[in-house]
Amino acid sequence: MSEATTSIPTGTADIGVTGLAVMGANLARNFARNGYTVALHNRSRARTDALVAEHGHEGEFVATETLEELVQSLAAPRRVLIMVKAGQPVDDVIEQLVPLLETGDIVIDAGNSHYEDTRRREAALAEKGLHFVGVGVSGGEEGALNGPAIMPGGPKESYTALGPMLEKIAADFDGEPCCAWVGTDGAGHYVKMVHNGIEYADMQVIGEAYDLLRQVAGMEPEEQAQVFTAWNQTDLASYLIEITAEVLSQVDAETGRPLVDVIVDEAGQKGTGRWTAISGLDVGSPVAAIAESVFARSLSSQPQVRARARELLAAGTEGSGTPAPSDREAFVEDVRQALFASKLVAYAQGLDMLSAAAAEYGWSLDLGTIASLWRDGCIIRADLLDVIMRAFGGRDTDRHPEPGTRAEGQPANLLFAPEFTQAIAEALPSWRRVVATAVAAGVPVPVFSSALAYYDGLRAERLPAALIQGQRDFFGAHTYRRTDRDGSFHTQWSGDRTEVQS
Ligand SMILES: NC(=O)C1=CN([C@@H]2O[C@H](COP(=O)(O)OP(=O)(O)OC[C@H]3O[C@@H](n4cnc5c(N)ncnc54)[C@H](OP(=O)(O)O)[C@@H]3O)[C@@H](O)[C@H]2O)C=CC1
Ligand SMILES: O=C(CO)[C@H](O)[C@H](O)COP(=O)(O)O
């Protein structure tokens, strides 16, 4: 059929999509291109009409005006996918939808919702006999149309009716869909949130590499574009490296300058990176590389303070070492190695927080399967993800470790996998040189340096945490444990300084 049906057929459409901005419209088209009949709805009718006018020939669409019509057009069990602005709009749509639905129907929220909202919504809809499925979708506009990475959570039984459809529209990596049920209630949105946290760190480390090549090695964007293109043939190969080369080679038509030089250096953020950092703190997982990448965006977005700082604060780089590398080629390779090692740490931290959150929320998350979902379709897609997946025992959608534990044979930390211990060992001299050079030159590298500090902290024989415990005991009688016997102890600091067991 070449355009949407004008009278609304009852009970025939396979799925309904409400919210037809870039993501919803492209997901709807993706379903239709894959042979599904898709009922369309948007709060304001114009988007529905535009989609039908421009893309109605791509498949079977049913254009509807109201949510009543949308629900009426769907075959049972009804599947309604919500793709509206995250937050209150999702609750608004759910409130309108619920009275129209019947037991066993499935409400899918595929936006970037906060996982706590998803947990709340799932519990509320379960009381009404409805399935609520929070689904993480990544890949942007292009991915939504041609195959995104999809991370569905929610009740496992809903996956029987929904999973095959999602798997069909998802990206495909070596014949495997970048889609699999990840866990109950908010697990899908949590996994997507961590994906975005890693995305922030990945983008920041690329930014730090660019800054070093520019400020220390004096490489102009066009020259750097070639470096990034070459790096995309190495173990850094990824979508983000690829688009970095594209952005760096773009020339502004108006000024003739590199586009990157005319873009205001204040990075925006919609919230998912910040949520990742906050959740990392909540579950006690040290996601410092991710948090630093969020802070770096925040710092960039304080132009007045930065301007004042440039007037008031000294650089202090004179006499702090020679930043200019004598061998430019060797420096570029050092930066590449530092980028790779820092990126690995960001992945290690992100995956670690998934385990911590699994323990907190009772999710059974399999890290091998989750890594498999990110191999294609999503923003962090990279050759590295296939290696990470294999380090966690490959993809096994039937493997559901106890919440907070890892399946047998999976490393306790990504960096402990033999292929990565080796890769990091090889990168370390470069990584240390790059961080030292950046510090001496006054080039901010918050994630390169924080990732290295995490690495050194992980393997330190003794940490200054012992001193912190002494301080805590001094001012607050918080007690400490001893290295030589069990129990909790307190030194009577304001008395005779003898130790008592508490
Ligand atoms: N853009 C991207 O690259 C990605 C986005 N996402 C997520 O997907 C979701 C959709 O994103 P995107 O397509 O960019 O669209 P937007 O986030 O810009 O949301 C616009 C859509 O939300 C609808 N809407 C807003 N408020 C309400 C309301 N109160 N009731 C009903 N509908 C409402 C709008 O309807 P109307 O037309 O009437 O205004 C429109 O259809 C978001 O959660 C986003 O975070 C996920 C991955 C990538
Ligand atoms: O979810 C996404 C990709 O996976 C979006 O692109 C995300 O919204 C980008 O985040 P931000 O705007 O905070 O940089």
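In this chain, residues are counted from 1 in sequence order. Computed over heavy atoms, backbone and side chain alike; hydrogens, waters and symmetry mates excluded.
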CD1 on I15 to CG on L74, rounded to 0.5 Å: 8.5 Å

Quick check against the 3.5 Å criterion: does N42 have a side-chain atom that pairs as donor or acceptor with the backbone of R45? no

I'd like to know if the side chain of S301 reaches the main chain of A267, judged simply by a donor and an acceptor atom lying under 3.5 Å from each other, with no hydrogens or angles considered. yes

Flag side-chain contact, heavy atom, 4.5 Å: V182 against T369: no

Spell out, as yes or no, whether a donor-acceptor pair under 3.5 Å connects the side chain of S449 to the backbone of V445. yes

Tell me yes or no: between the side chains of Q337 and E333, is some donor less than 3.5 Å from an acceptor? yes

Could you grab the distance from atom CG of L236 to atom CD of Q233, nearest 0.5 Å is fine? 11.5 Å

With sequence neighbours excluded, residues passing salt bridge (charged side-chain N to carboxylate O under 4.0 Å, His left out) with R29: E58

Is it true that Y115 and W275 have ring centroids separated by less than 6.0 Å? no

Is there a side-chain contact between P303 and E266 (heavy atoms, below 4.5 Å)? yes

Any non-hydrogen side-chain atom of S279 less than 4.5 Å from a side-chain atom of V194? no

Taking D252 first and then R257, would you say they form a salt bridge - that is, a charged N and a carboxylate O separated by under 4.0 Å? no

Decide whether H131 and S158 meet the rule of one side-chain donor and one side-chain acceptor closer than 3.5 Å. no

Exercise: identify the closest heavy-atom pair between A171 and G147: CB-O, 3.2 Å

When you measure from the side chain of S138 to the backbone N and O of A149, does any donor-acceptor pair fall under 3.5 Å? no

Would Y200 and E292 count as a side chain to side chain donor-acceptor pair (under 3.5 Å) here? Give the steps. CA-CA 9 Å; Y200 271 54; E292 286 292 353; over 6 Å; no

Please check if the side chain of Q224 supplies one atom and the backbone of M219 the other of a donor-acceptor pair under 3.5 Å. yes

Can you confirm whether C178 sits close enough to M151 that some side-chain heavy atom of one is under 4.5 Å from a side-chain heavy atom of the other? no

Sub-4.5 Å side-chain heavy-atom contact between V137 and V135: yes

Give, for atom CG of D185 and atom CZ of F132, the distance between the pair rounded to the nearest 0.5 Å. 10.5 Å

Between V283 and M353, what is the shortest heavy-atom contact and its length? CG2-O, 4.4 Å

For the residue pair T12 and T37, what are the closest heavy atoms and their distance? O-CB, 4.5 Å

Hey, is the main chain of T272 close enough, under 3.5 Å, to the side chain of T276 for a donor-acceptor pair? yes

If you measure from CD1 on I380 to CG on L240, what distance do you get to the nearest 0.5 Å? 8.5 Å

Out of curiosity, R406 CZ to N413 CG, how far, rounded to the nearest 0.5 Å? 6.5 Å

I'd like to know if the side chain of N26 pairs up with that of N30 as donor and acceptor (distance under 3.5 Å, no hydrogens or angles considered). no

Would Q250 and E246 count as a side chain to side chain donor-acceptor pair (under 3.5 Å) here? Give the steps. CA-CA 6 Å; Q250 183 72 17; E246 300 272 350; over 6 Å; no

Any carboxylate oxygen within less than 4.0 angstrom of a Lys/Arg side-chain nitrogen, looking at R375 and E176? yes

Between T184 and K156, does a side chain to side chain contact (heavy atoms under 4.5 Å, CB included) hold up when you go through it step by step? CA-CA 7 Å; T184 52; K156 178 86 196 268; 5.9 Å; no

In this structure, are over 12 heavy atoms from other groups packed under 6.0 Å from E419 atom CD? yes

Separation between CG (N232) and CD (E242), nearest 0.5 Å, reads 5.5 Å

Is C179 close to Y159 at the side-chain level, that is, under 4.5 Å between some pair of heavy atoms? yes

Assess the residue pair L67 and V80 against the criterion (side chain to side chain contact (heavy atoms under 4.5 Å, CB included)); give the C-alpha distance rounded to whole Å, side-chain angles, the decisive distance to 0.1 Å, and a yes or no. CA-CA 10 Å; L67 284 173; V80 184; 5.6 Å; no

I'd like to know if D92 and K85 make a salt bridge, using a cut-off of under 4.0 Å between side-chain N and carboxylate O. no

Below 4.5 Å, heavy atoms only, C-beta onward: do F392 and L414 meet side chain to side chain? yes

Is it true that atom CD of E408 has more than 12 heavy atoms of other residues, nucleotides or ligands lying nearer than 6.0 Å? no

Treating Q349 as the side-chain partner and A288 as the backbone partner, does any N or O pair qualify as donor plus acceptor under 3.5 Å? yes

What's the shortest heavy-atom distance between V17 and V38, and which atoms? CG2-CG1, 3.9 Å

State plainly whether the residues E220 and R214 are in salt-bridge range, i.e. N to O under 4.0 Å. yes

Closer than 3.5 angstrom, by distance alone: can the side chain of S238 be matched with the main-chain N or O of I241 as a donor-acceptor pair? yes

pair T421-L415: side-chain heavy atoms closer than 4.5 Å: no

Carefully, step by step, assess Y190 and T118 under the rule side chain to side chain donor-acceptor pair (under 3.5 Å). CA-CA 9 Å; Y190 196 91; T118 304; over 6 Å; no

Given the rule in the side chain to side chain contact (heavy atoms under 4.5 Å, CB included) test, do N196 and K270 qualify, once you have shown the distances and angles that lead to the verdict? CA-CA 10 Å; N196 280 22; K270 291 204 180 111; over 6 Å; no

Are any side-chain N or O atoms of D172 and backbone N or O atoms of G175, one a donor and one an acceptor, separated by less than 3.5 Å? yes

Using a distance-only test with no angle check, is there a side-chain donor-acceptor pair under 3.5 angstrom linking H41 and T64? no

Classify the ring geometry of W181 against H400: parallel below 30°, tilted from 30° to 60°, perpendicular beyond 60°. perpendicular

Which heavy atom of W231 sits nearest a heavy atom of A209, and at what distance? CZ3-CB, 4.2 Å

If every non-hydrogen atom of A161 is compared with every non-hydrogen atom of R79, which pair is closest and at what distance? O-NH1, 2.7 Å

With R78, the side chain to side chain contact (heavy atoms under 4.5 Å, CB included) member among D14, L130, L101, I106: L101

Would the distance check show the side chain of S342 and the main-chain N or O of L339 forming a donor-acceptor pair, the cut-off being under 3.5 Å? no

Does a donor on one side chain and an acceptor on the other come within less than 3.5 Å for Y210 and Q215? no

Taking atom CD as the centre, does E402 end up with more than 12 heavy-atom neighbours from other residues, nucleotides or ligands that are less than 6.0 angstrom away? no

Distance to the ring centre below 6.0 angstrom and angle to the axis at most 45 degrees; does that hold for R119 and Y361? no

Residues D334, R432; criterion salt bridge (charged side-chain N to carboxylate O under 4.0 Å, His left out); working and verdict: CA-CA 9 Å; D334 275 355; R432 293 195 191 285; over 6 Å; no

Salt-bridge contact D386-R381 (side-chain N to carboxylate O under 4.0 Å): no

For D109, the option from R121, R120, K192 that meets salt bridge (Lys or Arg N to Asp or Glu O under 4.0 Å): R121

